[in-house]
Visitor: 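One structure, pasted below without further comment.
Sequential numbering from 1 along the given sequence is applied to the chain's residues.
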Amino acid sequence: MVAKILKHTAIAGALALAAASAWAADNIKIGSVLSVSGPAAFLGDPELKTLQLYIEKINAEGGVLGRKLELVHYDDGGDAAKANGFTKRLIESDKVDVLIGGTTTGATMAMAPLAEKASLPFISLAGAVVIVEPVKKWVFKTPHTDRMAAEKVFEDMKKRGISKVGLLSETSGFGASGRKETQAVAAKYGVTLVADETYGPKDTDITAQLTRIKNSAGVQGVFVFGLGQGPAVVTKNYSQLGMGALPLYQSHGVASDEYIKLSGKAAEGVRLPTPALLIGAMLPAADAQKAIVTGYDKAYKERYKIDPSTFGGYALDALNLSIDAIRRAGSTEGEKVRAALEQTKGFVGTTGVFNMSAANHMGLDLSAFRMVEVKNGDWQLLK
């Protein structure tokens, strides 16, 4: 009798294990490579936290197409070579259905050729325009481009009569692309770049470059293009050099409360373009993005006891765009999901309202950016 019970228990256990394995094999796998550690950690960490939070929420609500989502993620530490290696693993070993990540432009550009070769839908979380121009069949992105950031900044400068500008950009992929795009659109807004300096992403003192900008003939304002800790170093050095009389603009690469924390009082008066998430509470009730940005803010704070960042918002938009495409395609088959992504229209995200096409794998326009200024240690919406 005991033998029979043991036999039945063993069979039941084997069946349960087989069922669990079959269920796991049927999961929709979201592959992700993010910079959770290293110099871009304050970008990558909220991205990972967001993916984990919302995949858990979606699974609790029944999953997608009756299947659970499974997140398979790796930390590249800000190293593009590692991003490439982990992407190979996600494609060849983990067999993911969708790829989300590339916290930085360098990581994204190391990942993109692999996604293209594998015919795998890939949504980047990095900013440079080179990610989607020229259009790559399998690559999409959620953040605004560096070109858009430069245009939004120059719009504000033009309103304030600022036409002679010192440019300071990071030598990272994001900063280098931002420098190129800033140079390309300056004349369109009547801006002359009277100085053009660069700094390294790990530099701890940028006073030499700022001093040269300060001494440039006729300079009326400074525009910094970088991400991570570098822009905060610039901001502190700016204050130490007594350059407060010159308006300081940053790019969307610092659109996070962390930037204010890192910069301290030196950030006072700094202006930059940002997605709506940063100032969600200030948006009018009729704003199309109000519900999603305030909902994300609430959910993130409840889980992690800290404020979300716009970078986490990029990840949320990438996840939601992927799920929306999978649902419309009724499948996780690569080409069907890719085609559905390309046909996205009127999709409201934390970053803006997405309208993609075969010629536009980002789908945002300048209205998705809001100009803000740091006032009394917080963000203030500019009109």
Side-chain angles (χ1 to χ4, degrees), residues 40 43 47 100-112 115 122-157 167 169-189 191 193 223-228 231 249-256 271-278 289 309-318 321 341-342 344 347 349-372:
L43 314 177
E47 291 169 352
I100 291 174
T103 295
T104 66
T105 297
T108 291
M109 298 309 286
M111 296 164 69
F122 172 31
I123 304 181
S124 170
L125 310 182
V129 71
V130 294
I131 295 167
V132 289
E133 289 186 18
V135 173
K136 301 168 188 63
K137 182 176 180 179
W138 295 90
V139 180
F140 301 79
K141 72 190 292 292
T142 53
H144 314 77
T145 67
D146 38 17
R147 181 187 302 157
M148 291 170 66
E151 290 187 318
K152 196 72 176 181
V153 164
F154 286 155
E155 273 188 352
D156 190 77
M157 286 183 170
L167 175 63
S169 54
E170 191 175 279
T171 54
S172 64
F174 176 75
S177 180
R179 175 174 178 261
K180 178 183 176 183
E181 296 305 321
T182 299
Q183 292 169 335
V185 301
K188 176 182 175 182
Y189 292 88
V191 169
L193 299 177
F223 182 26
V224 181
F225 226 114
L227 49 76
Y249 288 78
Q250 295 274 0
S251 77
H252 58 315
V254 303
S256 164
R271 301 178 191 132
L272 60 120
T274 176
L277 176 62
L278 206 60
Q289 291 180 262
S309 76
T310 54
F311 309 106
Y314 298 151
L316 178 58
D317 289 347
L321 282 164
L341 277 170
E342 198 169 77
T344 299
F347 185 92
T350 68
T351 314
V353 180
F354 293 87
N355 292 287
M356 296 188 186
S357 69
N360 186 344
H361 278 196
M362 177 187 62
L364 298 171
D365 59 28
L366 280 187
S367 68
F369 261 141
R370 322 294 172 107
M371 284 299 298
V372 296

Visitor: Where the side chain of T108 meets the backbone of S124, is there a donor-acceptor pair that is under 3.5 Å apart?
Guide: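 Checked: no pair found.
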Visitor: OH of Y249 to CZ of F223: how many Å apart, nearest 0.5 Å?
Guide: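 Reported to 0.5 Å precision, the distance equals 10.0 Å.
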Visitor: Is there a donor-acceptor pair closer than 3.5 Å between any side-chain N or O of S177 and the backbone N or O of A128?
Guide: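 No; zero donor-acceptor contacts below 3.5 Å.
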Visitor: Backbone N or O of L364 within a donor-acceptor pair of the H144 side chain at under 3.5 Å?
Guide: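 Here the side-chain-to-backbone pair does not exist.
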Visitor: Taking atom types as modelled, find out whether E47 and T103 have a side-chain donor-acceptor pair closer than 3.5 angstrom.
Guide: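 A pair is found: one side chain offers a donor N or O, the other an acceptor, under 3.5 Å apart.
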Visitor: Can a donor-acceptor pair be found, under 3.5 Å and without considering hydrogens, that links the side chain of S309 to the backbone of G312?
Guide: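 Yes, the answer is positive, given that a donor and an acceptor are paired below the 3.5 Å cut-off.
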Visitor: Closest heavy-atom contact between P275 and Y314?
Guide: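 Of all heavy-atom pairs spanning P275 and Y314, the closest is CG-OH, 3.7 Å.
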Visitor: Do you know the tightest heavy-atom contact between M362 and M356?
Guide: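 Result for this residue pair: O-CE, 3.5 Å.
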Visitor: Which pair of non-hydrogen atoms, one from Q183 and one from L167, has the smallest distance, and what is that distance?
Guide: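 Smallest interatomic distance, heavy atoms only, reads CG-CD2, 4.5 Å.
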Visitor: Which pair of non-hydrogen atoms, one from G127 and one from P143, has the smallest distance, and what is that distance?
Guide: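 What the structure gives for the nearest pair is CA-CB, 4.3 Å.
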Visitor: Applying ring pair (Phe, Tyr, Trp, His ring centres under 6.0 Å), can you list everything that pairs with H252, at least two apart in sequence or on another chain?
Guide: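 Residues passing ring pair (Phe, Tyr, Trp, His ring centres under 6.0 Å) with H252: F174, F369.
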Visitor: If you round to the nearest 0.5 Å, how far is NZ of K141 from CD1 of I123?
Guide: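 Those atoms lie 11.5 Å apart.
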Visitor: Between E133 and E181, does the side chain to side chain contact (heavy atoms under 4.5 Å, CB included) criterion hold? Intermediate values first, please.
Guide: CA-CA 12 Å; E133 289 186 18; E181 296 305 321; over 6 Å; no
Visitor: Tell me, please, which residues at least two apart from R179 pass side-chain hydrogen bond (donor to acceptor under 3.5 Å, both in side chains).
Guide: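 Listed in chain order: D196.
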Visitor: Determine whether V185 and R147 satisfy the following criterion, side chain to side chain contact (heavy atoms under 4.5 Å, CB included), listing intermediate values before the conclusion.
Guide: CA-CA 8 Å; V185 301; R147 181 187 302 157; 3.9 Å; yes
Visitor: Judged by atom type as modelled, is there a donor-acceptor pair below 3.5 Å linking the side chain of D317 to the main-chain atoms of T351?
Guide: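 Answer holds: yes.
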Visitor: When you compare the side chain of M371 with that of E155, does any pair of heavy atoms fall below 4.5 Å?
Guide: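 Result no, sub-4.5 Å side-chain heavy-atom pair not found.
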Visitor: Test V372 against L272 for side chain to side chain contact (heavy atoms under 4.5 Å, CB included), laying out the working first.
Guide: CA-CA 6 Å; V372 296; L272 60 120; 3.9 Å; yes
Visitor: Picking from L321, V132, L341, V135, what satisfies side-chain contact (heavy atoms from CB on, under 4.5 Å) with F140?
Guide: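 Going through the options one by one, the only one that passes is L341.
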Visitor: Taking atom NZ of K180 and atom CG of D146, what is their separation to the nearest 0.5 Å?
Guide: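 One finds 9.5 Å between NZ of K180 and CG of D146.
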Visitor: Return the CZ to CG distance between F311 and L316, rounded to the nearest 0.5 Å.
Guide: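 Taking CZ in F311 and CG in L316, the distance rounds to 15.0 Å.
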Visitor: Measure the NZ-CD1 distance between K136 and I131 for me, rounded to the nearest 0.5 Å.
Guide: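 Going from NZ on K136 over to CD1 on I131, the span is 7.5 Å.
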Visitor: Considering all heavy atoms of both residues, which atom of Q289 and which atom of G349 are nearest to each other, and what is their separation?
Guide: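 Nearest heavy atoms, Q289 then G349: NE2-O, 3.0 Å.
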Visitor: Which value, rounded to the nearest 0.5 Å, describes the distance between K152 atom NZ and S367 atom OG?
Guide: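 Nearest 0.5 Å value for the NZ-OG distance: 7.5 Å.
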Visitor: If the condition is side-chain hydrogen bond (donor to acceptor under 3.5 Å, both in side chains), which residues does T142 pass it with, not counting sequence neighbours?
Guide: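 Counting only residues at least two positions away or on another chain, T142 forms no side-chain hydrogen bond (donor to acceptor under 3.5 Å, both in side chains).
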Visitor: Using every non-hydrogen atom in the two residues, find where P273 and Q250 come nearest and quote the distance to one decimal.
Guide: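 Closest approach of P273 to Q250: CD-O, 3.3 Å.
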